[in-house]
Amino acid sequence: MTGWRLGYLLCNAEINSQLTKVHQFIIMSAPTAAQYAAIEALGSGLEDTEEMKKEYERRRNLLCARLNRMGLRTNVPRGTFYAFPDITSTGLTSDQFCVRLLEEQKVAVVPGTAFGEHGEGFVRISYATSYENLKEACDRIEAFVASLKQPEEVLIEEEIVIE
């Protein structure tokens with residue numbers, strides 16, 4: 001039910017009244033279809049949930065390992081299906097990185113600045129796609145990052161002829 005924005009709240013009794021104030025406004029107007037789907041998922045979807053959890057871990061591990069090998073430092077997420085790699089090593093801003101990656105490699109990622117000013121230097125990458133699509137995206141991101149690395153200029157001393 002990725003993206004359906006439906007859930008429930010479990011919390012310590014001491015903070016329940018305060019969290020309920022926030023929670024009640026987050027869950028307002030949940031579509032009826034999503035509510036029935038949630039009932040079904042909670043009642044009979046545990047096995048599917050465990051399988052999907054393993055698959056998301058597999059995707060996460062692929063993405064994080066590949067990004068780190070490319071030099072895009074990435075922490076391993078523990079509660080989401082997004083990675084948030086540090087792209088400062090590329091010399092591009094978050095917006096520049098996203099636009100160029102899309103134009104040059106046809107891979108869409110979200111600039112970290114979409115999540116506030118402290119997101120500059122990062123991008124958000126979703127791994128809520130197939131493993132095969134994720135491998136292809138990693139190949140394209142790797143090609144893009146490699147294309148940004150300029151070979152160091154070699155200074156050639158010119159021979160000066162004095163007459």
Side-chain angles (χ1 to χ4, degrees), residues 1-16 18-27 30 34 37-38 41-42 45-152:
M1 296 176 59
T2 303
W4 286 36
R5 303 298 187 252
L6 185 69
Y8 56 90
L9 175 65
L10 296 174
C11 66
N12 185 308
E14 295 173 12
I15 60 172
N16 182 50
Q18 297 304 310
L19 283 176
T20 299
K21 290 176 187 177
V22 175
H23 179 67
Q24 66 189 356
F25 295 107
I26 293 172
I27 56 126
L42 289 169
L46 189 56
E47 186 176 308
D48 293 328
T49 301
E50 287 302 316
E51 286 181 37
M52 211 50 230
K53 180 181 174 189
K54 288 177 186 173
E55 179 58 22
Y56 275 116
E57 286 175 353
R58 185 170 86 109
R59 294 175 192 177
R60 177 200 67 193
N61 293 341
L62 168 72
L63 180 61
C64 291
R66 292 282 306 269
L67 290 169
N68 280 309
R69 276 196 307 249
M70 290 176 219
L72 304 179
R73 291 182 306 116
T74 307
N75 291 325
V76 177
R78 295 180 183 262
T80 185
F81 44 79
Y82 299 106
F84 207 61
D86 180 338
I87 54 104
T88 55
S89 64
T90 67
L92 300 175
T93 67
S94 297
D95 288 337
Q96 291 169 333
F97 185 95
C98 292
V99 169
R100 287 191 55 189
L101 180 61
L102 181 60
E103 290 175 349
E104 296 174 27
Q105 291 292 332
K106 309 300 184 236
V107 175
V109 299
V110 178
T113 53
F115 307 99
E117 65 185 67
H118 297 293
E120 179 54 63
F122 297 86
V123 296
R124 185 180 79 168
I125 303 173
S126 172
Y127 50 91
T129 186
S130 73
Y131 193 83
E132 293 72 28
N133 285 345
L134 198 56
K135 282 175 32 178
E136 177 68 24
C138 286
D139 291 344
R140 292 179 184 205
I141 294 169
E142 187 169 21
F144 173 69
V145 170
S147 76
L148 298 174
K149 295 186 173 134
Q150 299 294 326
E152 292 184 30

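- Using bins of under 30°, 30° to 60° and over 60° for the plane-to-plane angle, the ring pair Phe122/Phe84 lands in the parallel bin.
- Under the side-chain contact (heavy atoms from CB on, under 4.5 Å) rule, Glu51 has a single partner from Glu47, Lys53, Glu55, which is Glu47.
- You'll find the side chain of Arg140 stays beyond 4.5 Å of the side chain of Phe144, heavy atoms only.
- The minimum heavy-atom distance linking Leu134 with Ser126 is given by the pair CD1-O, 4.2 Å.
- Under a 3.5 Å cut-off, the side chain of Ser94 and the backbone N or O of Gly121 do form a donor-acceptor pair.
- Looking at heavy atoms from C-beta onward, Leu67 lies in side-chain contact with Met70 at the 4.5 angstrom threshold.
- Without hydrogens or angle criteria, Arg59 side chain to Thr129 main chain gives a donor-acceptor distance under 3.5 Å.
- Heavy atoms from other residues, nucleotides or ligands lying under 6.0 Å from CD of Glu50 number more than 12.
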All N/O donor-acceptor pairs, side-chain side in residues 103-118, below 3.5 Å, sequence neighbours left out:
unit_1: Glu104; atom_1: OE2; unit_2: Arg100; atom_2: NE; d: 2.8
unit_1: Glu104; atom_1: OE2; unit_2: Arg100; atom_2: NH2; d: 3.3
unit_1: Lys106; atom_1: NZ; unit_2: Glu103; atom_2: O; d: 2.9

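- Using a distance-only test at 3.5 Å, with no hydrogens or angles considered, a donor-acceptor pair links the side chain of Gln96 to the main chain of Thr93.
- Residue pairs meeting the side-chain hydrogen bond (donor to acceptor under 3.5 Å, both in side chains) criterion with at least one partner in residues 69-81, sequence neighbours excluded, are Arg73-Asp86.
- Using a 4.5 Å heavy-atom threshold, the side chains of Leu72 and Val123 count as separate.
- A donor-acceptor contact shorter than 3.5 Å is absent between the side chain of Arg124 and the backbone of Tyr82.
- Contact check on Lys135 versus Glu132 returns no salt bridge, with no Lys/Arg side-chain nitrogen under 4.0 Å from an Asp/Glu carboxylate oxygen.
- Going from atom CZ of Phe97 over to atom OG1 of Thr90 covers 6.0 Å, rounded to the nearest 0.5 Å.
- Nearest approach of Gly71 to Ser89, heavy atoms of both residues: O-OG, 3.2 Å.
- Rounded to the nearest 0.5 Å, atoms CG (Leu92) and CG (Leu101) are 10.0 Å apart.
- In this structure, Glu14 CD and Asn16 CG are separated by 11.0 Å, a value rounded to the nearest 0.5 Å.
- Between the CD1 atom of Ile87 and the CD atom of Glu120 there is a distance of 6.5 Å, given to the nearest 0.5 Å.
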